[in-house]
A.B. asks: 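If you scroll down you'll find the structure; I have some questions about it.
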2 protein chains.
Amino acid sequence: MPPDPAPSRDADGMRRGASIVAVENVSGSGSAGSLDLRLWVRLLGCARIIEKQLRRNFQEQFDTTLPRFDVMAALDRAPDGLNMGALSRALLVSNGNVTSIVRQLQEQGSVVARPDPGDGRSAIAALTPAGKAHFAELARAHHQWVRAALAEFPPDRQEQLLSLLGELRRSLLGEEGE
Amino acid sequence: MPPDPAPSRDADGMRRGASIVAVENVSGSGSAGSLDLRLWVRLLGCARIIEKQLRRNFQEQFDTTLPRFDVMAALDRAPDGLNMGALSRALLVSNGNVTSIVRQLQEQGSVVARPDPGDGRSAIAALTPAGKAHFAELARAHHQWVRAALAEFPPDRQEQLLSLLGELRRSLLGEEGE
DNA sequence: GGGATTTATTTCAAGCTTAAAATATATTCG
DNA sequence: CGAATATATTTTAAGCTTGAAATAAATCCC
């Protein structure tokens, strides 16, 4: 039998957070890459660092996942429930994806799905009381994790960044209101 | 037989790009949510919008994926090749993940793995000439997509955002050099 | 009413992702 | 040398993700 009870001293099965990072200064002219490429790489990198922490926290502290949290959050804001299509639109994920996540939540008792009286094709998913309570706990922890992640980044910078990202988002989407 | 040859008029199996978006103003005090939560949601949203476009472009125009591109990019910058561990560290993904992506690239002829003469445990992966050529094409397209995505966002804003994200990244990581 | 079309959802195949377990090869040091 | 330990990698189980195909129910319109 192996003599070490250590949980995992093997290779590194946990780092993550940047993917495209490797693209930094590739295919560009100089060694620094072009402005737009560098911006994209850095944006993705920051998002992944935080996302990774959140995912890990959800897994370790609540044995759940970010997508499940997303679905619960959407349902929490819809007291009368939502059908699959509405959930899919709210979360911007594919329809088939919602199916399996809702199934998980049903199995764990956080969600119920009742047939839509007005449309035989749809069922309406909603949080159970237990699900609502569970979500409240998750949301509190989630907010705390985000706060902790951004704790060293001063509020005035946060304001600036928020505003700049708002501009970016508008330019990425329609640019309506030019 | 169904009379329409249309590729897909069914439900929406493609939207995506924000996930956590649903959390906007949840569990907060007011309707706007706290600053840090809003910042996080917006950051993730922007990253996903671009990421999604890139992924779709890779799929549709080159029948490949972002992770495969990442591995090729890392190998392109290492003329002598890299072993799995180095790749895993460079890309910040798990070791097991690299294994399967490299396998795909080997099967498609873009990568070869030769045994490391100095270490029997390692094999060194490197781009083949065909892989190098293919990557050059992919990188050109990738840069063009990023440029196009950010085209409406003015360069001075890009500079500002780049710098602010640099600060954010530093604060997320060590904060070394305070 | 009833066929054609549209809409809501599920199922499916393929691929990414991780963490943990399993292998296999080095390295250390007694 | 040889056992203990460390390192490199693969395999595996579980879950997310998408897009396409398959159902099934509703709507349109002749």
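Nothing here was measured: the structure is a model prediction, and the numbers come from that model. All chains are named by letter (A, B, ...) in the order of the sequence lines, taking the proteins before the strands, and each is independently numbered beginning at 1. Just so you know, these numbers use all the heavy atoms, side chains as well, and skip hydrogens, waters and symmetry mates.
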A.B. asks: Remember a base hit wins even if backbone is also touched, and classify Gln59(A) as base, sugar-phosphate or nothing at under 4.0 Å, heavy atoms.
C.D. replies: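 If one applies the 4.0 Å heavy-atom cut-off, Gln59(A) turns out to touch nothing in the nucleic acid.
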
A.B. asks: Walk me through whether Leu66(B) and Glu51(B) qualify under side chain to side chain contact (heavy atoms under 4.5 Å, CB included).
C.D. replies: CA-CA 9 Å; Leu66(B) 210 45; Glu51(B) 190 181 4; 3.9 Å; yes

A.B. asks: Check step by step if side chain to side chain contact (heavy atoms under 4.5 Å, CB included) holds for Met72(A) and Leu105(A).
C.D. replies: CA-CA 8 Å; Met72(A) 293 184 80; Leu105(A) 292 172; 3.9 Å; yes

A.B. asks: Phosphate oxygens OP1/OP2 of dT17(C): is one of them under 4.0 Å from a side-chain N or O of Asn97(B)?
C.D. replies: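 Indeed, a polar side-chain atom of Asn97(B) lies that close.
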
A.B. asks: Are Thr65(A) and dC16(D) close enough that a side-chain N or O sits under 4.0 Å from OP1 or OP2?
C.D. replies: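 For dC16(D), OP1/OP2 do have a side-chain N/O of Thr65(A) under 4.0 Å.
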
A.B. asks: Answer yes or no: does a side-chain N or O of Arg103(B) lie under 4.0 Å from OP1 or OP2 of dG15(C)?
C.D. replies: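 The answer is no; no side-chain N or O of Arg103(B) sits under 4.0 Å from OP1 or OP2.
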
A.B. asks: Can you tell me if the side-chain N/O atoms of Arg68(A) get under 4.0 Å from OP1 or OP2 in dC16(D)?
C.D. replies: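 Yes, such a contact exists.
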
A.B. asks: With the criterion being N/O to N/O and under 3.5 Å, what pairs connect the protein with nucleotides 26-29 of chain D, and how long is each?
C.D. replies:
| residue | atom | partner | partner atom | Å |
| --- | --- | --- | --- | --- |
| dA26(D) | OP1 | Gly120(A) | N | 2.7 |

A.B. asks: Which pair of heavy atoms, one from His143(B) and one from Ser34(A), lies closest together, and at what distance?
C.D. replies: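 It is NE2-OG, 2.7 Å.
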
A.B. asks: Are Gln104(A) and dC16(D) close enough that a side-chain N or O sits under 4.0 Å from OP1 or OP2?
C.D. replies: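 Indeed, a polar side-chain atom of Gln104(A) lies that close.
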
A.B. asks: Grab the CD-P distance between Glu60(B) and dG19(D) for me, whole Å please.
C.D. replies: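 Value for this atom pair: 8 Å.
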
A.B. asks: Any base atoms under 4.0 Å from Thr99(B), or only sugar-phosphate, or nothing? Heavy atoms, all strands.
C.D. replies: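 Base, at least one base heavy atom under 4.0 Å.
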
A.B. asks: Between dC16(C) atom P and Arg48(B) atom CZ, what is the distance in whole Å?
C.D. replies: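 Rounding to the nearest Å, CZ of Arg48(B) and P of dC16(C) are 17 Å apart.
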
A.B. asks: Starting from P on dT17(C), measure out to CD on Glu51(B) and report it in whole angstrom.
C.D. replies: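 It works out to 9 Å between those atoms.
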
A.B. asks: Which heavy atom of Ser88(B) sits nearest to which heavy atom of Val98(B), and what is that distance?
C.D. replies: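 For Ser88(B) versus Val98(B), the nearest heavy atoms are CA-CG2, 3.7 Å.
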
A.B. asks: Does the side chain of Arg157(A) reach to within under 4.5 Å of the side chain of Gln160(A), using non-hydrogen atoms?
C.D. replies: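 Yes, side chains in contact.
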
A.B. asks: Calculate the interatomic distance between Asn95(B) atom CG and dA21(C) atom P; express it in whole Å.
C.D. replies: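 To the nearest whole Å, that distance equals 16 Å.
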
A.B. asks: Check the angle between the aromatic planes of His142(A) and Trp145(A) and answer parallel, tilted or perpendicular using the 30° and 60° thresholds.
C.D. replies: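 Rings of His142(A) and Trp145(A): perpendicular, over 60°.
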
